[in-house]
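Presented below is the structure to which this report refers.
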Amino acid sequence: MNKSSACLFFFLLAALGGAQDLTKPITYRTVAEPLHVALEELSKQAGIKLICSDQLQEDPIILSLRAAPLQGTMDHIAAAIGAEWEKRSQTEFLLQRTDALAANLSKQAANAREASIKQAIDRLTRENSANLISDAELQKTAISLAGALTIIENDPRTKRGYVDGRTAQTIALRAPAHHALISLLSFLPTRRLAEIEPGDKIVFSTKANALQKQLPDDAQAIAEEFVRKQNIFAADFKKARPAPLQGVDYYSAGSVLPVPQGTPRLVLIFQRSPFSRTPTVKVVVVTPDGSVVGSAEDRLSTNSPAMITASEKATAELAANQPDISLSEDSKEVQAARTAAFKNGPNVSLSPHVRELLFNPDKHEPLSFVVSDSFLALADDSQTNLVASPTEWTVNMDDPYQEEGPYKLATFLRELAPLGMTVMTEGGWTIAKPADQVEEWKRRTNRPFLGDCLREADSRGCILIDTAAKLALSERADLQSGVMEFASDWFGQKYRPYNDGTKNLLRFYADLSAPQLEQLKSGGKLSLSQLTPDQQAQIHTMVYRPNLDLEAPNIDGENSALIHEPTEFLPTGLSSDVTVSMTTQDQDVLFTGMRSDDYDFSFPTDINGIGFAIAMYRAQTSQQDAGLPNPSGFHGLGRTTWIAPGHSHELFFNFALTSDHGATGSLSEVVCSDQRWTLDTLPQDLKEKLKTAIAAAQTQMEETHQADPQKPTPPR
């Protein structure tokens with residue numbers, strides 16, 4: 001062997017000696033934990049360095065590996081997370097999601113959504129065609145609806161304020177407004193709809209304004225046919241039910257109003273809810289004078305009601321023969337606390353251990369309880385290796401807390417698809433991943449900042465504006481996360497930093513520059529022209545996100561609540577005379593509220609003040625039209641309070657609107673759960689009791705601090 005051959009031989013031996021055997025078996029089992037933690041543990045067994053990009057560090061992952069080959073483990077982790085491995089050396093591999101891969105994953109998800117939307121439209125169109133209602137059938141439907149509403153009206157629960165309108169809603173699916181809705185679906189641009197973000201919407205109209213998309217001319221024929229059928233339907237309903245309805249107006253208002261002279265405008269709204277995987281479509285019928293005379297809504301689900309019923313029945317039968325999910329001791333304690341909160345309200349007593357688990361999501365991953373137990377049970381039942389990347393919304397599975405008896409594996413599997421998960425079992429592997437991996441990454445809540453909010457709410461009784469703003473600014477997407485409601489749904493609204501609307505309000509506040517804040521604090525106002533494009537966009541989002549309950553024209557002396565489309569309020573966008581102002585009080589405020597000149601309502605922090613302001617404007621316009629006194633000027637928001645140490649801020653958004661901004665109407669009602677009041681609005685006896693309770697809690701916390709100086713003293 002010559003010298004050069006010998007050198008080459010020894011070089012090959014060295015290379016082979018350094019090469020890693022990717023068939024090495026890996027055994028590892030864990031509840032949900034950050035990806036970087038799991039990779040560190042796998043690296044110890046594999047004898048190589050497995051790392052991930054900063055972007056993916058905190059993504060939670062669940063693993064159950066039983067002598068699984070290293071290469072297969074790496075491949076399936078990449079598939080579940082939506083990433084790819086880069087070989088940096090023989091002993092180091094980096095898991096990352098490149099821009100090109102992210103774009104491809106988003107395209108695949110949009111393709112799947114578009115296919116689902118098309119399938120849903122085809123299903124609804126077929127069902128509509130198969131059930132075309134003749135004038136005679138229309139009469140039967142009106143009679144059925146009148147009968148259903150009478151039953152609801154006489155139900156004792158209705159008199160107590162609980163209206164079960166499911167029967168009436170089912171019958172209303174055969175009403176003219178619903179048929180008009182389905183007839184309009186053929187005009188929808190499915191690709192455009194598939195690409196919009198969760199929480200966003202597109203509004204179409206037969207007479208579009210600057211914020212809407214124009215429907216084709218053919219849609220006008222649908223409006224004319226609606227008028228003909230609606231007047232027949234309303235007349236038949238009037239004959240079947242001549243007496244005024246009591247307490248059930250919401251379910252009748254969109255179905256039984258006659259149409260006055262003139263062809264109405266059809267407003268079609270497509271929306272991707274941030275809370276549901278199934279998009280919705282809604283039609284609102286508006287007369288030339290601005291009155292709402294009909295509305296209908298449907299989900300673009302690929303399953304018909306009959307299919308859903310059959311599926312639920314099959315799942316129930318399957319669940320009876322499926323194994324129970326064995327819960328960990330921590331999961332049992334969290335489950336018991338949540339069950340107690342459901343039964344007894346938010347003021348449940350929590351053990352120190354449960355408090356530690358719930359209020360430290362940076363140390364105890366919220367997805368590591370029932371969600372992890374369920375996925376690990378799936379791995380055990382199927383005898384497969386498991387890699388699961390759960391969505392944020394899986395944390396809110398209700399069945400473990402509401403079912404009587406043990407939680408079944410089949411029940412868990414049934415819930416995964418609506419919660420944005422896809423599951424595939426093949427070749428000895430079970431892979432569970434988000435349906436849209438890029439979108440899910442955007443949803444991930446920052447655990448440390450969320451923990452700051454939860455602990456502050458627990459110790460102080462409220463979340464300070466700067467604490468909530470840090471969390472809002474850390475969020476990657478303009479939509480809600482399921483983990484955000486992780487404690488607030490169980491133990492009260494004070495643990496919820498914000499909802500979608502107030503996230504933008506917080507971002508707006510946090511995005512104000514020092515000179516802007518100083519101008520507001522000194523009593524000045526910021527005009528629209530003084531705001532940055534991003535700040536203007538945040539206000540625009542707050543204005544056009546909400547739905548508002550308004551009153552439709554009277555039906556036999558009864559006012560009827562309808563949801564009116566916000567694009568009808570400011571049809572050309574924000575007016576140039578919008579201003580923002582702020583006042584500050586040198587006191588802590590426990591809860592928040594909103595106030596206008598003539599109204600004083602109190603709400604949790606997540607009520608959108610701007611949407612309320614627009615409704616108030618419409619109420620005042622309606623009063624003026626009726627010859628009633630109208631307050632001079634309109635002060636927009638009333639009040640939204642954010643708490644800061646030692647004082648509270650109130651942001652005011654002021655609009656100088658004119659009467660041509662949509663139809664007139666009046667505010668019907670605002671319904672919200674867990675209603676809260678400022679101390680000054682409470683009756684004297686309750687005020688004294690509350691002050692006593694607060695003082696006792698403060699004393700207890702101070703005594704706890706004296707016993708354990710490591711714990712911070714809660715602020716007064």
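Residue numbers count from 1 along this sequence.
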Point to revise | Asn111 versus Arg191, side-chain donor and acceptor atoms under 3.5 Å | key: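 Checked: Arg191/Asn111 side chains pair up, N/O donor to acceptor below 3.5 Å.
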**Prompt:** Partners of Glu225 by salt bridge (Lys or Arg N to Asp or Glu O under 4.0 Å), sequence neighbours excluded?
**Reply:**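 In terms of salt bridge (Lys or Arg N to Asp or Glu O under 4.0 Å), with neighbours along the sequence ignored, Glu225 is linked to Arg228, Lys229.
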Under the 3.5 angstrom rule, does the side chain of [X] hit a backbone N or O of [Y] as a donor-acceptor pair?
X	Y	value
Ser183	His179	yes
Gln536	Leu528	yes
Gln220	Asp217	no
Arg299	Pro279	no
Thr206	Leu266	yes
Asn231	Val259	yes

Considering non-hydrogen atoms only, spot the tightest contact between [X] and [Y] and give its length.
X	Y	result
Thr190	Lys118	OG1-CE, 3.3 Å
Trp393	Ser481	CZ2-C, 4.0 Å
Pro264	Ala223	O-CB, 3.9 Å
Ala177	Ser295	CB-O, 3.8 Å
Pro418	Arg414	CD-O, 3.4 Å
Ala194	Ala110	CB-O, 3.5 Å

Side chains of [X] and [Y], heavy atoms from C-beta outward: is any pair under 4.5 Å?
X	Y	answer
Ile117	Leu188	no
Ile269	Val281	no
Phe226	Val285	yes
Val203	Lys213	no
Phe412	Leu416	yes
Val286	Val284	yes
Leu138	Phe237	no
Lys282	Leu181	no

Nearest 0.5 Å please: distance from the [atom1] atom of [X] over to the [atom2] atom of [Y].
X	Y	atom1	atom2	value
Thr394	Met421	OG1	CE	6.5 Å
Leu124	Ser186	CG	OG	12.0 Å
Glu297	Thr280	CD	OG1	5.0 Å
Phe270	Leu193	CZ	CG	4.5 Å
Ile121	Asp298	CD1	CG	11.0 Å
Ile222	Ile182	CD1	CD1	11.0 Å

Under the criterion salt bridge (charged side-chain N to carboxylate O under 4.0 Å, His left out), I'd like the reasoning laid out for Glu195 against Arg272: C-alpha separation, chi angles, the key distance, then a yes or no.
CA-CA 10 Å; Glu195 292 174 343; Arg272 278 193 70 198; over 6 Å; no
Between Glu392 and Arg443, does any NZ, NE, NH1 or NH2 come within less than 4.0 Å of an OD or OE carboxylate oxygen?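 Answer for the salt bridge query: no.
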One thing to verify: whether Glu114 and Arg192 come together as a salt bridge, which I'm taking to mean a side-chain N less than 4.0 angstrom from a carboxylate O.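 Salt bridge between Arg192 and Glu114, a charged N being under 4.0 Å from a carboxylate O: no.
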- Message: Using the rule given for side-chain contact (heavy atoms from CB on, under 4.5 Å), can you reason through Phe187 versus Leu268, listing the C-alpha separation, both sets of side-chain angles and the distance that settles it, and then say yes or no?
- Response: CA-CA 10 Å; Phe187 300 123; Leu268 182 67; over 6 Å; no
- [ ] List for me each residue that meets side-chain contact (heavy atoms from CB on, under 4.5 Å) alongside Ala109, sequence neighbours excluded, and say none if there are none.
- [x]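 Residues passing side-chain contact (heavy atoms from CB on, under 4.5 Å) with Ala109: Arg113, Asp436.
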Practice prompt. Step by step, work out the side-chain contact (heavy atoms from CB on, under 4.5 Å) result for Val267 and Val283.
Written response: CA-CA 6 Å; Val267 180; Val283 67; over 6 Å; no
